[in-house]
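Numbering of residues begins at 1 and proceeds along the displayed sequence. What you see below is based on every heavy atom in this structure, not just the backbone, and it leaves out hydrogens, waters and symmetry mates.
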Amino acid sequence: MTNEFHRHGANKPALIVGVLLLIVAALVGYDASQQTITSTYGVGPTAMPYVVATGLVVLGLAHFVVAFREGLPEPEEADSKALLWIAGGLIFLIACIGLGGGFIIAIAVVFACTARGMGRQALLVDAAIGFVLGLAIFLVFAKVLTLILPSGPLERLFL
């Protein structure tokens with residue numbers, strides 16, 4: 001990013017992001033307050049949404065401070081090719097899991113597409129790294145945590 005800042009009054013993009021963050025924090029906090037799951041052993045499942053809501057409030061208020069002090073830096077032009085690689089990987093991830101292709105293949109492709117979007121040119125190597133990471137994550141969840149991630153034909157070989 002460049003070091004050029006807005007100097008005329010409050011920075012509107014920072015104000016808008018701050019308001020949106022506070023709205024999301026309120027929604028998360030409300031949703032957490034509506035949960036009926038209780039815990040008899042200390043911190044229960046409702047604790048984390050409150051932590052997230054608190055973090056969102058802090059970020060929202062920080063955006064207000066930035067908006068009235070120096071404003072946000074002028075953004076650089078987006079790299080549309082990188083965005084397409086990353087968005088394509090995410091779309092493939094959603095489609096692969098939704099259509100029953102499984103977690104491991106989905107993670108391998110999204111890892112490789114994200115690496116390509118970040119400028120790395122070794123697509124097959126990155127797909128192999130993503131495959132190994134996806135397999136390791138799947139096995140940890142399936143064998144250690146006894147939680148099953150979305151399974152496809154490949155994952156059934158390990159169950």
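- Contact check for Ile148 versus Glu155: no side-chain heavy atoms found under the 4.5 Å cut-off.
- A continuous path of ILVMFWY side-chain contacts below 4.5 Å connects Ile137 to Leu157, so both sit in one hydrophobic cluster.
- Side-chain contact between Cys113 and Val109 is present, with heavy atoms from C-beta onward closer than 4.5 Å.
- The heavy-atom pair separating Ala108 from Ala127 by the smallest distance is CB-O, 3.6 Å.
- Residues Leu154 and Phe111 do not share a hydrophobic cluster, clusters being chains of Ile/Leu/Val/Met/Phe/Trp/Tyr side chains in contact below 4.5 Å.
- Using modelled atom types, one side-chain atom of Ser151 and one backbone atom of Leu149 make a donor-acceptor pair closer than 3.5 Å.
- The two residues Gly134 and Ile107 make their nearest non-hydrogen contact at CA-CG2, 3.9 Å.
- A 4.5 Å side-chain heavy-atom check between Val28 and Leu56 finds at least one atom pair inside the cut-off.
- Counting only heavy atoms from C-beta outward, the side chains of His63 and Asn11 never approach each other to under 4.5 Å.
- No side-chain donor-acceptor contact under 3.5 Å links Lys143 to the backbone of Phe138.
- Within the 4.5 Å cutoff, the side chain of Phe68 has heavy atoms near those of the Leu15 side chain.
- A continuous path of hydrophobic side-chain contacts links Leu139 to Phe103 [ILVMFWY only; heavy atoms under 4.5 Å].
- Using a 4.5 Å cut-off on side-chain heavy atoms (C-beta onward), Phe64 and Leu22 make contact.
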Legend entry - Trace of the side chain to side chain contact (heavy atoms under 4.5 Å, CB included) decision for Val125 with Arg120: CA-CA 10 Å; Val125 173; Arg120 192 163 150 85; 3.7 Å; yes
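- Annotation for Ala106 and Leu93: closest pair CB-CD1, 3.5 Å, computed over non-hydrogen atoms.
- No path of Ile, Leu, Val, Met, Phe, Trp and Tyr side chains, each step under 4.5 Å between heavy atoms, connects Ile94 with Ile105, placing them in separate hydrophobic clusters.
- Heavy atoms of other residues, nucleotides or ligands lying less than 6.0 angstrom from CG of Leu145 number more than 12.
- Under a cut-off of 6.0 angstrom, the local environment of OH in Tyr30 is sparse, with at most 12 non-hydrogen atoms contributed by other residues, nucleotides or ligands.
- Atom OG1 of Thr54 sits about 11.0 Å away from atom CG of Leu59, to the nearest 0.5 Å.
- Cluster membership check: Phe92 shares its hydrophobic cluster with Leu135, using side-chain heavy-atom separations under 4.5 Å among Ile, Leu, Val, Met, Phe, Trp and Tyr.
- Within 6.0 Å of the CZ atom in Phe141, the count of heavy atoms belonging to other residues, nucleotides or ligands does not exceed 12.
- Annotation: side chain of Val110 is in contact with side chain of Leu90 (closest heavy-atom distance under 4.5 Å).
- With salt bridges taken as basic N to acidic carboxylate O contacts below 4.0 Å, none links Arg116 and Asp126.
- In plain terms, the two heavy atoms of Ala53 and Gly29 that are nearest each other are CB-N, 4.0 Å.
- In terms of heavy-atom proximity, Gly117 sits nearest to Ala82 at O-CB, 3.0 Å.
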